[in-house]
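Inspection log for the structure reproduced underneath, given as structure tokens.
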Amino acid sequence: MKPPAEHHLSLINLGLGEPSKANGFTLSPEIGESLIEAVQSEMANGYTTSSGTIAAREAVAKKFGNAEHPIDPNHVFLSFGCSGAIYNAIAALCEQGDRILVAKPGFPLCQPIC
């Protein structure tokens, strides 16, 4: 499926889960500078908590919440991509012995957990 030619937003191909320049994605200078600062600070050279850092969760809550519908950062969970988000959602909802049906994508997801 493709959006109509007159659509106001450009299409970013995430078919391989790879937002790259070859797929039409360009990184803003602010993000590049932030990445360099994070590496040079040596404060971001390891794993974060599985739900994301509190600063990241607060930023998401602020961006997507509003005065009428605030979002509690403790209710925000960040993942390491779509496959990771699906894996985490299944892990949270399933119990040992549950049976689930998962469509076979064109690439492997995480190992089954239920």
Side-chain angles (χ1 to χ4, degrees):
M1 289 179 52
K2 289 188 176 185
E6 67 277 359
H7 197 278
H8 68 284
L9 296 174
S10 61
L11 179 67
I12 298 174
N13 180 358
L14 297 176
L16 295 175
E18 182 183 358
S20 66
K21 198 167 190 172
N23 288 333
F25 180 82
T26 55
L27 189 66
S28 73
E30 295 84 6
I31 293 174
E33 291 165 8
S34 293
L35 288 169
I36 291 168
E37 286 175 20
V39 170
Q40 290 177 338
S41 75
E42 296 185 5
M43 298 300 291
N45 59 350
Y47 291 111
T48 66
T49 60
S50 60
S51 60
T53 65
I54 188 63
R57 291 184 287 128
E58 286 172 347
V60 168
K62 181 178 178 184
K63 168 92 174 160
F64 294 102
N66 58 46
E68 188 176 342
H69 301 286
I71 296 175
D72 181 345
N74 293 317
H75 295 161
V76 174
F77 191 96
L78 303 175
S79 76
F80 54 90
C82 191
S83 296
I86 292 169
Y87 179 89
N88 290 333
I90 291 171
L93 298 172
C94 287
E95 295 180 13
Q96 186 153 355
D98 285 351
R99 297 178 66 119
I100 59 171
L101 179 64
V102 179
K104 182 179 178 186
F107 56 94
L109 292 174
C110 300
Q111 294 296 317
I113 56 170
C114 297

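Pairs of residues two or more places apart, or lying in two chains, never qualify as side-chain hydrogen bond (donor to acceptor under 3.5 Å, both in side chains) while including a residue from residues 58-69.
Contact between Asp98 and Leu93 at its shortest, heavy atoms only, is OD2-O, 4.2 Å.
Clustering of Ile, Leu, Val, Met, Phe, Trp and Tyr side chains at separations under 4.5 Å places Ile71 together with Val60, Phe64, Val76, Leu78. Chaining together hydrophobic side chains whose heavy atoms lie under 4.5 Å apart leaves Phe77 on its own.
Checked against side chain to side chain donor-acceptor pair (under 3.5 Å), Glu33 has no partners two or more places apart in sequence or in another chain. With sequence neighbours excluded, the residues satisfying side-chain contact (heavy atoms from CB on, under 4.5 Å) with Ser79 are Ala85, Asn88. By the side-chain contact (heavy atoms from CB on, under 4.5 Å) test, Ser34 pairs with no residue at all, sequence neighbours left out. By the side-chain contact (heavy atoms from CB on, under 4.5 Å) test, Tyr47 pairs with no residue at all, sequence neighbours left out.
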What donor-acceptor contacts under 3.5 angstrom involve side-chain atoms of residues 24-32, with partners at least two apart or in another chain?
from  : atom 1 : to    : atom 2 : distance (Å)
Ser28 : OG     : Glu30 : OE1    : 3.4
Ser28 : OG     : Ile31 : N      : 3.4

